[in-house]
Amino acid sequence: MNSKKALIFNIQKFSIHDGPGIRTIVFFKGCPLRCLWCSNPESQKNDIEITWDASKCISCKRCIKTCPQGAIYEENGIKVINKNKCIICKRCTEICPKKAFDTEGEYKTVDEIMSEVLKDMDFYEESGGGVTLSGGEVLYQADFAIELLKELNKYGIHRAAETTGFTSHDIFKKFIENVDLLLFDMKHYDPQKHKQGTGVDNALIIENMKTAVDRGKEIIIRIPVIPNFNDSLEDAEKFSTLLNKIGIKKVNLLPFHQFGQKKYKLLQREYEMEDVPQLHTEDLADYKKVFINNGFDCKI
């Protein structure tokens, strides 16, 4: 038995977008970056969180009466959760008759995750699929992730990881020894712009990217294309120049979308990109051509 635990916020089955074949995606909770456009804000904090859905609330106030910490109060018809008082006792989730309250994040062991993963072995084998570790940032809980990757390897399951690469060199080197494919997020080529959009610069990320290349890992770069941040043709050229120097030739472009907008409201957080229009595949046609003309295998 393996009793080591990690905070997981979702296990998604039958994915076809996060590595080859049919895959199971294990989402790790906690991330050192704070990307302004993050579509999974529930993944950022390395804590269990309480959410509240206004559309389900019938204003019965049972949550307020039940909370032992007095962490819930009502303001202009909205239930406000005082995060400093809340101890995640989950009584509000249990007492709410319409399930307006819920939690994000659950501690799971390697064995518990493997139990879910192994249910779909036939699909992995038939499609050439496997398991992808994502987040949040999987490297935020690297020790557990390495244990899980080693367990997956015992069953011959293909192992992919989506990562920002933002961790120490030592942790990164140990981690990639156990990964077959790296889906490497790249937010910006410029250190200062990177820090403006994510809260950290990209020096450590670039160094770890070079390390992965030196170790001969299979790498696909994923660039979230964000309006007024990295969406110009000049940006595409500079991404291409840097990636050619590093030695990576596969790029996936991810058009900015608003799929995660509601999650900010559930978490009672401000979303700074609320009024920014979405991008679509056709919007990135010229952007993609820049990569193609610079010798990249580029997909949207």
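If you read the sequence from its start, that first residue is 1, and numbering goes on from there. Worth knowing before you read on, the calculation uses all heavy atoms, side chains too, and leaves out hydrogens, waters and symmetry mates.
Judged purely by distance below 3.5 Å, without hydrogens or angles, the side chains of R23 and H158 pair a donor atom with an acceptor atom. One side chain, Y189 or D235, offers a donor N or O that lies under 3.5 Å from an acceptor on the other. Counting only N and O atoms by type, the side chains of K29 and N46 include no donor and acceptor under 3.5 Å apart. Side chains of S15 and D18: a donor on one and an acceptor on the other come within 3.5 Å. Side-chain atoms of E137 and T164 include a donor-acceptor pair closer than 3.5 Å. With no hydrogens or angles considered, a side-chain donor-acceptor pair links Y124 and T24 at under 3.5 Å. A side-chain donor-acceptor contact under 3.5 Å links S55 and D53.
Hydrophobic clustering, with ILVMFWY side chains joined whenever heavy atoms are under 4.5 angstrom apart, groups L182 together with L204. L149 and F27 fall into different hydrophobic clusters, where Ile, Leu, Val, Met, Phe, Trp and Tyr side chains are chained together by heavy-atom contacts under 4.5 Å. Under the 4.5 Å side-chain heavy-atom criterion for ILVMFWY residues, no single connected hydrophobic cluster contains both F175 and L181. Grouping the Ile, Leu, Val, Met, Phe, Trp and Tyr side chains by contacts below 4.5 angstrom, directly or via other members, places L233 with F256. By the rule that hydrophobic residues join a cluster once side-chain heavy atoms approach within less than 4.5 Å of another member, L118 and I22 end up as members of separate clusters.
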Assess whether side-chain hydrogen bond (donor to acceptor under 3.5 Å, both in side chains) is satisfied between E272 and Y264, documenting all intermediate values. CA-CA 10 Å; E272 295 187 35; Y264 286 85; over 6 Å; no

Quick one: do S39 and H257 satisfy side-chain contact (heavy atoms from CB on, under 4.5 Å)? Show the steps, please. CA-CA 8 Å; S39 60; H257 59 74; 3.5 Å; yes

Exercise. Mind running salt bridge (charged side-chain N to carboxylate O under 4.0 Å, His left out) on K187 and D185 for me, showing each step along the way?
Key: CA-CA 6 Å; K187 321 293 188 183; D185 293 346; 3.6 Å; yes

Exercise. Go through the steps for E94 and R91 under the test salt bridge (charged side-chain N to carboxylate O under 4.0 Å, His left out), then give the verdict.
Key: CA-CA 5 Å; E94 296 162 359; R91 291 191 190 176; 5.9 Å; no

*Stepwise, does the salt bridge (charged side-chain N to carboxylate O under 4.0 Å, His left out) test hold for E234 with K238?*
CA-CA 6 Å; E234 181 184 0; K238 290 185 176 179; 3.1 Å; yes

Exercise. Assess whether salt bridge (charged side-chain N to carboxylate O under 4.0 Å, His left out) is satisfied between E177 and K174, documenting all intermediate values.
Key: CA-CA 6 Å; E177 286 176 7; K174 291 176 186 175; over 6 Å; no

Let's go through I72 and C92 carefully: what are the C-alpha distance in whole Å and the side-chain angles of both, what is the deciding distance for side-chain contact (heavy atoms from CB on, under 4.5 Å) to 0.1 Å, and is it a yes or a no? CA-CA 9 Å; I72 304 172; C92 54; 3.7 Å; yes

One pair to check against side-chain contact (heavy atoms from CB on, under 4.5 Å): V117 and I157. What are the steps and the verdict? CA-CA 10 Å; V117 165; I157 297 173; 3.9 Å; yes

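Nearest heavy atom pair, residue L267 against residue E49, reads CD2-OE2, 3.9 Å. Residues M186 and I221 come closest through the heavy atom pair CB-CG2, 3.7 Å. Of all heavy-atom pairs spanning G105 and L7, the tightest one is C-CD1, 3.8 Å. Across all non-hydrogen atoms, the minimal contact from N40 to G135 is ND2-O, 4.0 Å. Taking every heavy atom of both residues into account, L254 and R222 meet most closely at CD1-CB, 4.1 Å. Taking every heavy atom of both residues into account, I8 and K108 meet most closely at CG1-CB, 4.3 Å.
A ring-centre distance under 6.0 Å is not found for Y140 and F28.
A donor-acceptor pair under 3.5 Å links the side-chain atoms of N230 to the main chain of P224, judged by distance alone.
Salt-bridge formation is not detected for the pair K263/E104: no Lys NZ or Arg NE/NH1/NH2 atom is positioned less than 4.0 Å from an Asp or Glu carboxylate oxygen. Here K4 does not pair with D143 in a salt bridge; the nearest charged N to carboxylate O distance is not below 4.0 Å.
Relative orientation of the Y287 and F291 rings is tilted, given thresholds of 30° and 60° on the angle between their planes. Aromatic ring orientation, F229 versus W37: tilted (interplanar angle from 30° to 60°). Under the 30°/60° scheme for interplanar angles, the aromatic rings of F101 and W52 are found to be tilted. Note: H188 and F239 have tilted aromatic rings, judged against thresholds of 30 and 60 degrees for the angle between ring planes.
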Kindly list each side-chain donor-acceptor pair under 3.5 angstrom involving residues 59-71, sequence neighbours excluded, with atom names and distances?
unit_1, atom_1, unit_2, atom_2, d
K61, NZ, E74, OE2, 3.4
T66, OG1, R62, O, 2.7

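The CE atom of M209 lies 4.5 Å from the CD1 atom of I206; values are rounded to the nearest 0.5 Å.
Crowding of K98 atom NZ: a count of heavy atoms from other residues, nucleotides or ligands under 6.0 Å not exceeding 12. Atom OH of Y155 has 12 or fewer heavy atoms from other residues, nucleotides or ligands within 6.0 Å.
Applying the side-chain hydrogen bond (donor to acceptor under 3.5 Å, both in side chains) test to residues at least two apart or on different chains, the pairs with a partner in residues 240-250 are N244-K249.
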